[in-house]
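Have a look at the structure that comes next, please.
Every number for a ligand or one of its atoms is a count from 1 in the order of the listing.
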Amino acid sequence: MARTALITGASSGIGREIARELYARGFRCILCARREDRLRELADELGENTRVIVCDVSKKEDCYRLYDEVKDENVGVLINGAGFGLFGKFCETELERELEMIDTNITAVHILTKLFVKDFAQKDRGYIMNIASSAGLMSGGPYMSTYYASKAYVADLTSAVARELQEAGSRVHVCALCPGPVDTEFNQVAGCSFGVKAISAEQCAKDAIKGMFGGKTIIVPSAALKLAAVGSRLMPRKLLVAMTGKVQSKKGEA
Ligand SMILES: NC(=O)c1ccc[n+]([C@@H]2O[C@H](COP(=O)([O-])OP(=O)(O)OC[C@H]3O[C@@H](n4cnc5c(N)ncnc54)[C@H](OP(=O)(O)O)[C@@H]3O)[C@@H](O)[C@H]2O)c1
């Protein structure tokens with residue numbers, strides 16, 4: 001039976017390109033998102049063995065249903081790619097939208113990681129990639145505060161689970177993808193624009209999959225961003241947040 005990969009957020013951007021990359025490496029793909037037409041289009045491209053599951057991961061019951069529907073399908077790779085951002089001052093942004101973000105970016109990732117890592121640990125094989133962001137490595141991001149905090153959760157949870165697995169001698173690999181700006185529908189959804197040049201979703205996906213199968217825990221595509229991520233760790237937290245805020249504030253100007 002072909003190895004199977006489950007990809008949430010497969011209807012667009014990074015998730016869609018990761019699905020293409022995994023398919024090219026011989027994986028059967030299960031594609032998940034809310035926009036069925038987009039998923040079917042990709043499934044047609046990838047071939048008839050591809051499965052589509054329409055699912056709103058901001059709803060806990062949809063996450064549990066997704067797991068139940070695929071748990072007997074030999075899933076060996078889980079990509080938690082569904083997510084979104086929101087630009088604006090914390091005292092002005094809409095609470096309900098932020099709670100939806102927390103449900104999508106944090107709770108869904110937590111539930112699916114928990115359910116699959118248990119199965120994978122029992123079989124002593126499997127890969128989980130949680131798409132965090134370089135935002136998750138920055139100690140806070142003014143004007144996108146909830147988004148940055150949600151990605152810090154994902155990066156920290158993933159690092160800790162990865163360490164537990166390593167200490168147990170497990171062959172299950174868990175990693176976090178932490179890209180900087182990537183050219184996708186992200187900005188359109190978040191209501192902002194990037195101040196710096198973005199990499200393509202295709203490039204991001206290639207680096208991500210190479211990093212995951214290469215055994216990396218935190219994957220930062222692009223050399224310049226890797227350097228920035230290392231540099232940021234040496235900076236006092238207050239200064240780092242102030243600098244991030246300066247960059248962030250420009251995102252609303254376009
Ligand atoms: N683009 C960047 O610069 C960047 C940088 C760092 C990290 N990231 C992260 O990368 C991930 C993918 O984003 P992207 O840049 O590829 O943006 P995108 O093009 O907007 O794609 C987002 C994907 O998430 C899915 N999604 C959103 N809410 C969902 C929900 N409730 N249930 C199911 N699926 C949902 C969307 O599908 P439907 O709308 O069809 O449901 C879509 O497939 C996100 O976690 C994002 O935070 C992006």
Side-chain angles (χ1 to χ4, degrees), residues 6-21 29-43 52-66 79-87 96-113 129-138 141 144 146-155 158 176-205 207-208 218-222 225 228-229 244 247-248 251:
L6 169 65
I7 304 115
T8 75
S11 64
S12 171
I14 301 169
R16 181 168 56 193
E17 291 307 323
I18 284 181
R20 285 180 170 139
E21 185 63 26
C29 293
I30 303 176
L31 311 173
C32 161
R34 293 164 301 182
R35 286 172 290 180
E36 186 173 1
D37 53 336
R38 292 281 200 96
L39 295 177
R40 297 241 168 258
E41 217 173 276
L42 182 59
V52 162
I53 301 181
V54 178
C55 173
D56 180 347
V57 298
S58 71
K59 298 185 174 125
K60 280 196 199 89
E61 59 276 19
D62 272 30
C63 294
Y64 293 121
R65 173 177 62 82
L66 179 62
I79 309 289
N80 274 313
F84 69 92
L86 178 67
F87 182 82
E96 281 306 314
R97 184 71 174 149
E98 285 169 338
L99 295 178
E100 187 191 335
M101 191 198 300
I102 290 167
D103 290 339
T104 307
N105 294 8
I106 296 180
T107 310
V109 172
H110 190 114
I111 293 172
L112 292 171
T113 299
M129 181 193 289
N130 292 327
I131 305 191
S133 168
S134 58
L137 309 173
M138 291 297 169
M144 279 187 102
T146 308
Y147 178 72
Y148 271 64
S150 75
K151 294 303 185 180
Y153 182 95
V154 175
T158 307
L177 175 65
C178 298
V182 185
D183 191 11
T184 66
E185 293 170 14
F186 180 87
N187 278 348
Q188 205 180 309
V189 175
C192 61
S193 64
F194 295 134
V196 291
K197 199 175 176 313
I199 63 168
S200 71
E202 197 183 346
Q203 185 58 54
C204 181
D207 289 357
I218 298 288
I219 303 162
V220 181
S222 107
L225 203 75
T244 309
V247 176
Q248 282 298 126
K251 287 188 176 175

**Request:** Give me the one residue out of Asp183, Val182, Ile7, Ile79 that meets side chain to side chain contact (heavy atoms under 4.5 Å, CB included) with Ile14.
**Result:**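 Passing option: Val182.
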
**Prompt:** Should Ile14 be counted as touching ligand 1, given the test is an N or O pair under 3.5 Å?
**Reply:**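 Looking only at distances, the answer is yes, because the N/O contact criterion of under 3.5 Å is met.
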
**Message:** If I apply the N/O under 3.5 Å rule, does Ser134 come out as touching ligand 1?
**Reply:**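 No; every N/O pair is 3.5 Å or more apart.
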
**Message:** Counting non-hydrogen protein atoms only, what is the nearest one to atom 18 (P) of ligand 1? Give residue, atom name and distance.
**Reply:**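 I find the closest protein heavy atom is Ser12 OG, 3.5 Å.
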
**Asked** Is the shortest distance from a heavy atom of Lys59 to ligand 1 less than 4.0 Å?
**Response**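 Judged by the 4.0 Å heavy-atom criterion, Lys59 does not count as contacting ligand 1.
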
**Item:** Heteroatom proximity flag, Pro181 to ligand 1, N/O under 3.5 Å
**Value:**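 No; every N/O pair is 3.5 Å or more apart.
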
**Asked** Can you tell me which residue and heavy atom of the protein come closest to atom 8 (N) of ligand 1, and the distance to 0.1 Å?
**Response**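 Among all protein heavy atoms, the one nearest atom 8 (N) of ligand 1 is Tyr147 OH, 3.6 Å.
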
**Message:** Looking at ligand 1, would Gly180 count as a contact under a 4.0 Å heavy-atom criterion?
**Reply:**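 A heavy atom of Gly180 does come that close to ligand 1.
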
**Prompt:** For atom 44 (C) of ligand 1, what is the nearest protein heavy atom, given as residue, atom name and distance?
**Reply:**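 Checking every protein heavy atom, the shortest distance to atom 44 (C) of ligand 1 gives Gly81 O, 3.5 Å.
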
**Asked** For Asn80, which of Thr8, Leu6, Ile111 qualifies under side chain to side chain contact (heavy atoms under 4.5 Å, CB included)?
**Response**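 The side chain to side chain contact (heavy atoms under 4.5 Å, CB included) with Asn80 is passed solely by Thr8 among Thr8, Leu6, Ile111.
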
**Request:** May I ask which of Gly9, Ser11, Ala10 has a heavy atom nearer to atom 37 (O) of ligand 1 than the others do?
**Result:**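 The option holding the nearest heavy atom is Ser11.
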
**Item:** Geometric N/O contact Val57 with ligand 1, under 3.5 angstrom
**Value:**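 Such a contact does occur with ligand 1.
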
